[in-house]
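Here is the structure we will look at.
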Amino acid sequence: MTPFRTLTALVAPLDRADVDTDAIFPKQFLVSLAKSGYGDALFAGWRYREGGSPGAGERVPDPAFPLNEPRYREAAILLCRRNFGCGSSREQAPWALRDGGFRALIAPSYGAIFYDNCLKNGLLPVVLAEPLIDQLFTAVAATPGYRLTIDLPAQVVETPEGEAFPFPIDAFRKRCLIENLDDLTYALGHAEQIRAFEASHRAA
């Protein structure tokens, strides 16, 4: 993972509500326990006309799927609708989004487990109110090359027009993203305190 502080990037829209983790990372790609190499499976059932099955030969991209449009190919921010990432606890879903080039998501709500998995894997899931999401979808559709700035230390999304939308995030998860810490790295940073506690606990 890399530290997440401020990101200015192209925005791609996915105008579908209740997108579950099987749509983000289809189950037929569950063949590895590695944490990388999943970008080609991202939204495979929607991106390809044949359904995106592995080993099916050359897959033909579906031009109707927005992420296949040339204007969105370099996007690092995915604009989503409500309940994005619902369904199973499949951790490969945020891995695939990350490997597909995305650093952040913006939506009104997320599946709870998916939201936590994103934060643990260096992907920032921003929550904004639904009217603001509607406003951003309109702006993205009307403006080729539309970019947003996400300032994590300040906890705001900034538009090219100068608007700033604040968003909430847990303080611990915010620190982990900014300092590039996962749960294990954070725990190892407190090794002396852990050893002292274990010693006092045994003595007691």
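Quick caveat: nothing in here was measured; it's all calculated off a predicted structure.
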Nearest 0.5 Å please: distance from the [atom1] atom of [X] over to the [atom2] atom of [Y].
| X | Y | atom1 | atom2 | answer |
| --- | --- | --- | --- | --- |
| Asp151 | Arg5 | CG | CZ | 11.5 Å |
| Leu7 | Leu124 | CG | CG | 8.5 Å |
| Leu181 | Lys120 | CG | NZ | 14.5 Å |
| Ile24 | Leu78 | CD1 | CG | 8.5 Å |
| Asp22 | Ser88 | CG | OG | 7.0 Å |
| Glu91 | Phe114 | CD | CZ | 11.0 Å |

Would you say the side chain of [Y] lies within less than 4.5 Å of the side chain of [X], judging by non-hydrogen atoms?
| X | Y | value |
| --- | --- | --- |
| Ile178 | Pro153 | yes |
| Phe165 | Gln135 | yes |
| Ile106 | Leu132 | no |
| Arg90 | Leu30 | yes |
| Asn180 | Thr2 | no |
| Lys174 | Leu152 | yes |
| Cys118 | Leu105 | yes |
| Leu148 | Val140 | no |

Problem set entry | Residue pairs, two or more places apart or on separate chains, that pass side chain to side chain donor-acceptor pair (under 3.5 Å) and touch residues 64-78 |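 Every pair satisfying side chain to side chain donor-acceptor pair (under 3.5 Å) with a residue in residues 64-78: there are none.
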Exercise. So does Asp170 pair up with Arg175, basic N to acidic O under 4.0 Å?
Worked result: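 Salt bridge flag = no for Arg175 with Asp170.
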Is there a donor-acceptor contact under 3.5 Å from the side chain of [X] to the main chain of [Y]?
| X | Y | value |
| --- | --- | --- |
| Gln155 | Phe167 | yes |
| Thr8 | Thr149 | no |
| Arg98 | Leu123 | no |

For this session: Could you pull out all residues at least two apart from Asp40 that satisfy salt bridge (Lys or Arg N to Asp or Glu O under 4.0 Å)?
Result: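 Arg59.
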Problem set entry | Test applied, side chain to side chain contact (heavy atoms under 4.5 Å, CB included); reference residue, Tyr110; option that passes from Asn117, Val127, Asp116 |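 With Tyr110 as partner, side chain to side chain contact (heavy atoms under 4.5 Å, CB included) holds for just one option, Val127.
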Problem set entry | Stepwise side-chain contact (heavy atoms from CB on, under 4.5 Å) check, Arg81 with Leu14 | CA-CA 7 Å; Arg81 292 293 186 183; Leu14 187 61; over 6 Å; no
Exercise. Is Arg82 atom CZ crowded by more than 12 heavy atoms from other residues, nucleotides or ligands, each under 6.0 Å away?
Worked result: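 Incorrect, the count does not exceed 12.
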Exercise. Are Phe29 and Tyr38 near enough that their ring centres are under 6.0 Å apart?
Worked result: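 Ring centroids of Phe29 and Tyr38 are no less than 6.0 Å from each other.
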